[in-house]
Amino acid sequence: RYIYDWIFVQTMILENQKNHMINGQLIPNLITNDKILVAFNSLNREDFLTPDTKSIAYIDDHIFIKKRFLLKPYYLAKILTFMQIDKKNEILDVGCGSGYSSIIFGKFFKSIVSVEEDIALVKIFCDYLKTNKITNCQVLNTKFDEIKLEKKFDHIFINGAINKFPFYLTKYLNKDGKIYSIYAENEFPSYFCKFTLKNNDEYEKTQLFEASAPLLYNLKSNQVKFIF
């Protein structure tokens with residue numbers, strides 16, 4: 001009985017923290033779209049975390065899991081307000097971690113391809129997909145700079161900061177497709193940006209809102225790899 005009581009208390013604590021995330025983090029930052037709020041309320045962030053981080057599932061900050069991290073909820077909710085949401089669209093989620101962002105995207109888009117390097121996080125994600133019988137998400141365990149796919153996407157989302165435009169990803173963009181990421185090339189403050197490819201070697205960058213996060217991977221250190 002005491003074990004069940006403890007589980008019940010912990011569940012209620014996390015549920016209260018989720019309510020605070022919605023009412024104390026998202027809504028005060030002008031996230032008022034009902035569909036977005038319902039999507040965030042429908043997921044338990046603790047399901048995507050390791051046992052030692054579940055208690056901080058709803059903090060207003062990034063959550064670090066080993067060398068990877070889960071972006072703060074506000075960033076993900078805010079970027080959805082800038083995306084052209086269409087159930088016919090498909091999205092590539094780069095650096096998906098344990099899958100929280102991909103499952104959120106799955107509520108708004110037709111299908112998701114999720115890329116993650118860390119096999120332990122991939123396992124958490126795959127277990128979640130299997131348990132919840134989710135079929136519109138494909139998980140790819142590979143290095144972020146070694147992605148090889150046969151299809152193109154309407155949106156590419158990068159879970160973290162970049163310090164150089166990722167030209168190597170543009171071959172996976174549909175016409176008029178967009179890339180979304182925090183851009184931190186010699187800039188302070190840094191911003192979540194929308195990138196639109198103009199031609200093979202030019203792009204347009206639109207600053208959406210101020211944001212910061214660790215580099216997902218260092219594009220500047222791998223410049224030679226991204227020449228096509």
Side-chain angles (χ1 to χ4, degrees), residues 68-69 71 75-76 79-80 82-119 121-122 125-126 129 134-187 190-208 211 213-228:
R68 295 284 289 106
F69 51 89
L71 285 178
Y75 286 177
L76 189 57
I79 209 68
L80 280 166
F82 289 100
M83 288 181 169
Q84 182 179 352
I85 293 176
D86 188 330
K87 264 294 187 180
K88 297 178 182 178
N89 285 351
E90 298 178 293
I91 186 168
L92 174 63
D93 188 10
V94 180
C96 67
S98 51
Y100 181 77
S101 57
S102 294
I103 299 301
I104 289 287
F105 289 141
K107 297 180 180 297
F108 297 94
F109 300 109
K110 177 183 176 181
S111 67
I112 308 93
V113 173
S114 309
V115 180
E116 177 53 49
E117 289 186 351
D118 190 311
I119 188 62
L121 298 183
V122 168
F125 191 9
C126 289
L129 293 175
I134 295 171
T135 58
N136 69 335
C137 187
Q138 174 189 348
V139 186
L140 182 62
N141 178 214
T142 188
K143 292 182 179 297
F144 302 134
D145 57 356
E146 296 180 3
I147 297 171
K148 294 180 181 179
L149 296 167
E150 299 295 326
K151 63 187 302 181
K152 294 189 176 184
F153 302 86
D154 304 287
H155 305 280
I156 296 177
F157 181 78
I158 299 175
N159 270 281
I162 57 175
N163 55 10
K164 183 178 174 66
F165 181 72
F167 278 107
Y168 81 107
L169 288 176
T170 58
K171 61 184 176 181
Y172 302 121
L173 275 180
N174 283 328
K175 183 181 179 181
D176 299 323
K178 306 290 189 294
I179 296 176
Y180 298 86
S181 180
I182 296 171
Y183 194 62
E185 183 185 29
N186 303 320
E187 292 184 13
S190 55
Y191 291 85
F192 231 117
C193 295
K194 176 179 69 176
F195 298 93
T196 305
L197 190 67
K198 292 300 183 183
N199 54 50
N200 288 335
D201 57 5
E202 293 183 359
Y203 61 90
E204 178 182 282
K205 179 182 71 175
T206 304
Q207 293 180 344
L208 302 178
L215 286 177
L216 183 63
Y217 53 112
N218 189 351
L219 285 166
K220 286 186 175 180
S221 69
N222 295 289
Q223 293 182 51
V224 175
K225 290 186 178 181
F226 307 133
I227 297 175
F228 293 92

4.5 Å side-chain heavy-atom contact, [X] and [Y]:
{"X": "L129", "Y": "C137", "result": "yes"}
{"X": "D86", "Y": "D154", "result": "no"}
{"X": "Y183", "Y": "S190", "result": "no"}
{"X": "L149", "Y": "L92", "result": "yes"}
{"X": "S111", "Y": "K151", "result": "yes"}
{"X": "I179", "Y": "L197", "result": "no"}
{"X": "Y100", "Y": "L71", "result": "no"}
{"X": "D118", "Y": "N141", "result": "no"}

With rounding to the nearest 0.5 Å, note down the distance linking [atom1] in [X] to [atom2] in [Y].
{"X": "K148", "Y": "L140", "atom1": "NZ", "atom2": "CG", "answer": "11.0 Å"}
{"X": "I134", "Y": "N136", "atom1": "CD1", "atom2": "CG", "answer": "7.0 Å"}
{"X": "N159", "Y": "L76", "atom1": "CG", "atom2": "CG", "answer": "7.5 Å"}
{"X": "T196", "Y": "K198", "atom1": "OG1", "atom2": "NZ", "answer": "6.0 Å"}
{"X": "I182", "Y": "I79", "atom1": "CD1", "atom2": "CD1", "answer": "8.5 Å"}
{"X": "K194", "Y": "M83", "atom1": "NZ", "atom2": "CE", "answer": "10.5 Å"}

Quick check, are the ring centers of F157 and Y180 under 6.0 angstrom apart?
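Distance test on ring centres: not under 6.0 Å, no.
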Can you confirm if the aromatic rings of F165 and F195 lie within a centre distance of less than 6.0 Å?
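Centroid distance F195-F165: below 6.0 Å, so yes.
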Between D93 and S114, does the side-chain hydrogen bond (donor to acceptor under 3.5 Å, both in side chains) criterion hold? Intermediate values first, please.
CA-CA 5 Å; D93 188 10; S114 309; 4.7 Å; no
Any idea which heavy atoms bring [X] and [Y] closest together, and the distance?
{"X": "F153", "Y": "I91", "result": "CD2-C, 3.5 Å"}
{"X": "I112", "Y": "G106", "result": "CD1-CA, 3.2 Å"}
{"X": "S181", "Y": "G160", "result": "OG-O, 3.1 Å"}
{"X": "L215", "Y": "F69", "result": "O-CE2, 4.3 Å"}
{"X": "I147", "Y": "Y168", "result": "CD1-OH, 4.5 Å"}
{"X": "P166", "Y": "I158", "result": "CG-CD1, 4.1 Å"}

Counting only heavy atoms not in K87, do more than 12 fall under 6.0 Å of its NZ?
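Yes, NZ of K87 has more than 12 neighbouring heavy atoms, counting only those of other groups under 6.0 Å.
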Run the salt bridge (Lys or Arg N to Asp or Glu O under 4.0 Å) check on R68 and E116 step by step: do they pass?
CA-CA 10 Å; R68 295 284 289 106; E116 177 53 49; 2.8 Å; yes
Carboxylate-amine/guanidinium proximity below 4.0 Å for K143 and E117
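Here K143 does not pair with E117 in a salt bridge, since their nearest N and O are not under 4.0 Å apart.
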Can a donor-acceptor pair be found, under 3.5 Å and without considering hydrogens, that links the side chain of H155 to the backbone of Q84?
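Between the backbone of Q84 and the side chain of H155 there is a qualifying donor-acceptor contact (under 3.5 Å).
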F108 and L80: CA distance, side-chain angles, deciding distance, side-chain contact (heavy atoms from CB on, under 4.5 Å) verdict
CA-CA 9 Å; F108 297 94; L80 280 166; 3.8 Å; yes
Fit a plane to each ring of Y75 and F192, take the angle between them on a 0 to 90° scale, and name the class: parallel (under 30°), tilted (30 to 60°) or perpendicular (over 60°).
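Because their plane-to-plane angle is over 60°, the rings of Y75 and F192 count as perpendicular.
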